[in-house]
Protein chains: 2
Amino acid sequence: MTRTATLPDIRPAAPTAGDATRVAVSTVIFTLRRDRGADRASVVIPLVRRTRDPHEGLWALPGGWLDVAESLDTAAARTLAETTGLAPSFLEQLYAFGAVERSPSRVVSIVYWALLRSDEVIAADARENVQWFDAASLPRLAFDHNEIVDYALWRLRNKAGYSRIAHGLLADEFTLAQLREVYEAVLGRRLDPANFRRQVENSGNLIPTERFRTGSHRPARVYRYNQDVELADRGPLVRH
Amino acid sequence: MTRTATLPDIRPAAPTAGDATRVAVSTVIFTLRRDRGADRASVVIPLVRRTRDPHEGLWALPGGWLDVAESLDTAAARTLAETTGLAPSFLEQLYAFGAVERSPSRVVSIVYWALLRSDEVIAADARENVQWFDAASLPRLAFDHNEIVDYALWRLRNKAGYSRIAHGLLADEFTLAQLREVYEAVLGRRLDPANFRRQVENSGNLIPTERFRTGSHRPARVYRYNQDVELADRGPLVRH
DNA sequence: TCAAAAGTGTTGCTGCTACACCCATGG
DNA sequence: CCATGGGTGTAGCAGCAACACTTTTGA
């Protein structure tokens, strides 16, 4: 459970032959951070500092080796928990990266991407070697991980257009302003509150509650997601 | 060049240890077939008959093992050429399948999908063990390949909505009726000729030529694709 | 009473669908 | 000249962006 938080050791290890191709699993985890004072939330991702040689000291995506007896989905969830302690509400395969020269030895990385609700973030912060970075301004990462994060960000923004991606980033109950803030952070632009309200109300994804959240000004109605409408954008692929 | 056309032998082979996870690459190749007399074209894919034990005799997707010194993209193109003789104009990664029980030994398959232009199909037909099937009515395939084809079909239809997918299925020059036929076959429904024309003309993807194709009735203008407008739907991932 | 966010109404633009209609060619 | 597909015109509807406007609260 408390393995060293690091990407797999790339040096030829015991279980496999030295020249064989090995399969790793990594995950890009998105969540939002509301900086006090900042007028907009920003997209942040957790990275792990490498403690072994290829790219020692650089930051890298959390991940690990695929076990012989576990599926890719399971491996993604497991390595994520081991390196960061996180258990995201949304976890989906992103892309398989397999360029020959992306690592000193031959590694094919099956990369996942994940969304973390604001109330799930807490656990990870205490971890040694884990740190959160603003996705828009990352340092140089190990391997091809900068490229991977760029692709994941592109996918996040893309999917926000036609899917209920915000579900994975919010707690169960929320106001429309909070929901709008999520979309604004992901898309990187302001949205008209009036039009946003109508769009989201007409989508049928939201259920209004009778509760109100009282803040600085007029109280806002609290909504929750309609669990029936499951986003069918993974096609015929069944989960679990 | 003329290896036996078959999926990789799944039995533990020489190069790798018996219990290691191995990486295979497979491809779902789509093209259109115009049946004489039929009023609509249909989507067909080439399959390879397995000549070795796991699922011997069943039809399977063309593919093979990933070499240690080649990228995933290269492996997809190579195994495709070796098993079917085809070199598609469009080749893109689809998904990585890695359930534990999808094969007797542990195999992670990186699956690609490809589009073949009607003028590229010829070469493959002569192959032993290669046969074309209507994508809508497949027999039981080896491994989890039925599920894989379903997913690829879903992706094809999805992408047809927002992308110039037909480019990969047509020759360089074509009439609007031919282009429309492609979309009708992929989407599985009729499209209004008048509205289709306007949509596609306004998209800016087509360049009208001065040539006309004279058929049974009024000659139709010949178009070709605007090469400048490259479909930017793979995001920041650069090819080659 | 004032600022600011919550929430409603309205207008105009755009893109799409449906369908009527004209054009050009082979038979 | 007629059947058929190529190609144009147009009316209606739906969705969305822009923005004016009303409501409700804390300070």
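Below, read A as the first sequence line, B as the second, and so on, with proteins coming before strands; counting in each chain starts at 1.
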Please report the distance, rounded to the nearest Å, between [atom1] in [X] and [atom2] in [N].
{"X": "B/L176", "N": "D/dG5", "atom1": "CG", "atom2": "C1'", "value": "12 Å"}
{"X": "A/L179", "N": "C/dA5", "atom1": "CG", "atom2": "P", "value": "17 Å"}
{"X": "B/R190", "N": "C/dA18", "atom1": "CZ", "atom2": "P", "value": "15 Å"}
{"X": "B/Q199", "N": "D/dT8", "atom1": "CD", "atom2": "P", "value": "16 Å"}
{"X": "B/F196", "N": "D/dT8", "atom1": "CZ", "atom2": "P", "value": "15 Å"}
{"X": "A/N202", "N": "D/dC16", "atom1": "CG", "atom2": "P", "value": "8 Å"}
{"X": "A/F212", "N": "C/dA5", "atom1": "CZ", "atom2": "C1'", "value": "14 Å"}
{"X": "A/D192", "N": "C/dT11", "atom1": "CG", "atom2": "P", "value": "17 Å"}

B/R155 and B/N158: side chain to side chain donor-acceptor pair (under 3.5 Å), yes or no, with the steps? CA-CA 5 Å; B/R155 186 98 143 221; B/N158 240 24; over 6 Å; no
Residue met sooner reading DNA chain C from 5', once A/A194 and A/S216 are mapped to nucleotides: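 The residue mapped nearer the 5' terminus is A/S216.
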Output the single nucleotide from C/dG7, D/dA18, D/dC16 whose closest atom is nearest the side chain of A/N195. D/dA18
Could you go through the ring pair (Phe, Tyr, Trp, His ring centres under 6.0 Å) check for A/Y95 and A/W113 one step at a time? CA-CA 9 Å; A/Y95 200 78; A/W113 68 299; over 10 Å; no
Starting at the 5' end of DNA chain D, which residue's closest nucleotide do you reach first, A/R198 or A/H217?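 Result: A/R198.
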Which class fits the ring pair B/Y225 and B/F174: parallel under 30°, tilted 30 to 60°, perpendicular over 60°? tilted
When the ring planes of A/W154 and A/Y151 are compared, do they come out parallel, tilted or perpendicular, using 30° and 60° as the limits? parallel
Phosphate oxygens OP1/OP2 of D/dT8: is one of them under 4.0 Å from a side-chain N or O of B/R197?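 Yes, such a contact exists.
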Classify the side chain of B/R218 versus the base of C/dA24 as yes if they form a donor-acceptor pair under 3.5 Å and no if they do not.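 Counting by modelled atom types and ignoring angles, no donor-acceptor contact under 3.5 Å is found here.
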Categorize A/R221 for me: base, sugar-phosphate, or nothing, with a 4.0 angstrom heavy-atom threshold over every strand shown. sugar-phosphate
Could you tell me whether B/R180 contacts a base, only the sugar-phosphate backbone, or nothing, with contacts defined as non-hydrogen atoms closer than 4.0 Å? sugar-phosphate
Close side-chain approach of A/T31 to A/W132, heavy-atom, < 4.5 Å: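 Contact flag for A/T31/A/W132 side chains = yes.
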